[in-house]
Amino acid sequence: MDIAIVIPSRYGSKRLPGKPMLPIRGKSLLNRVWAIGKAVRGVSEVFVATDDERIAEHARSFGAVPIMTSPDCENGTERAHAAIRTLAKRPDAVINLQGDAVLTPPWVVQALVDAFHADPTVSIVTAAVHCSWEQLAALEEHKRANPASGTLVTMDRTGRALYFSKNIIPYLRTRDTSKKPPVYRHIGIYGYSVEALDRLATLEPTPLEQAEQLEQLRALENGIPIQVVTVDYRGRTHGSVDAPGDVPVVEAIIDREGELV
């Protein structure tokens, strides 16, 4: 199965203009994310999808393959779709690796790739972490002050997503601490079959999507199944660069935990 990784990367971030080229301990944000993608096995290519020649030139400087896309793309999914449409031979599936996901371990991306190789009929695949009671308590505390931060997912017994929410789901009426809670924190990385990506591009926003402000609900509301793979960060800290204050935080994590690749 031909699987490509696409890294959507735009210059015009409102909070951090030129964010992909920000230096993080001697390497740019984009270079670090690209290196994560290149560490994944079973992938034909790692593309950088951008709307700015400055980013394209920077990508070429460390060996990445840029694809120019329209500045009118509204999100990373649209940009990834626009990028693969330019290819003479489109891959069978695409992993959308966000350009600010600098702390995403390669084995998390690998889990999505492996899911497609295991079952080529998968439409969309994404990742989640099974929370411990300690992680759930920390998440509950964090959400008291930041209710829209963090996304949860529930699944059926085969790992197919039932619902995504900014609320902590399911609601726990009882708490049996002898086993892990059935609570899974969603990791916002996706893989799409090209057929699913083509169909998503034609669909209008849906009521649940608009209510939760979660793009993946558009797929569920239109009957497109999403397979969830449970991943383990193996003690690594999850995080990304969204604002200037995130840079020293990310650098401190790298200093403490070491380089991913």
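Residue numbers run from 1 in the order of the sequence given. The structure displayed is predicted, hence computed values, not measured ones.
- Electrostatic pairing of E221 and R218 does not count as a salt bridge here, judged by no charged N lying under 4.0 Å from a carboxylate O.
- Between the CD atom in E215 and the CD atom in Q210 there is a gap of 12.5 Å [rounded to 0.5 Å].
- Using the six-membered ring where Trp is involved, H130 and Y184 have ring planes that are parallel, under 30° apart on the 30 and 60° scheme.
- In the displayed structure, R41 atom CZ is contacted under 6.0 Å by at most 12 heavy atoms of other residues, nucleotides or ligands.
- Salt bridge annotation for D2-K89: present, with a cationic side-chain nitrogen under 4.0 angstrom from a carboxylate oxygen.
- The structure places CG of L139 at 7.0 Å from OG of S149, a figure rounded to the nearest 0.5 Å.
- Here the straight-line distance linking atom CG of L29 with atom CE of M21 works out to 11.0 Å at 0.5 Å rounding.
- A distance of 10.5 Å separates CE of M155 from OG1 of T126, quoted to the nearest 0.5 Å.
- Counting only distance, with no hydrogens or angles, the side chain of E257 and the backbone of T237 share a donor-acceptor pair below 3.5 Å.
- If you run side-chain hydrogen bond (donor to acceptor under 3.5 Å, both in side chains) between T151 and each of K166, H186, R185, Q216, only K166 comes through.
- Looking only at distances, no side-chain donor or acceptor of E78 sits under 3.5 Å from a matching main-chain atom of N75.
- With hydrogens and angles left out, the side-chain atoms of E212 and S165 include a donor and acceptor closer than 3.5 Å.
- Inter-residue side-chain proximity for I5 and V40 is flagged as met; some heavy-atom pair is nearer than 4.5 Å.
- Here the closest non-hydrogen pair linking P181 and L172 is CB-CD1, 4.3 Å.
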Legend entry - From CA spacing to verdict: salt bridge (Lys or Arg N to Asp or Glu O under 4.0 Å), R175, E140: CA-CA 14 Å; R175 300 198 171 206; E140 289 172 328; 2.7 Å; yes
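- The line from CD1 of I124 to CZ of R199 is 9.5 Å long, rounded to the nearest 0.5 Å.
- Look at R85 and D198 and you find no salt bridge, because none of the NZ, NE, NH1 or NH2 atoms lies under 4.0 Å from a carboxylate O.
- Remark: Y163 OH to L217 CG distance equals 5.0 Å, nearest 0.5 Å.
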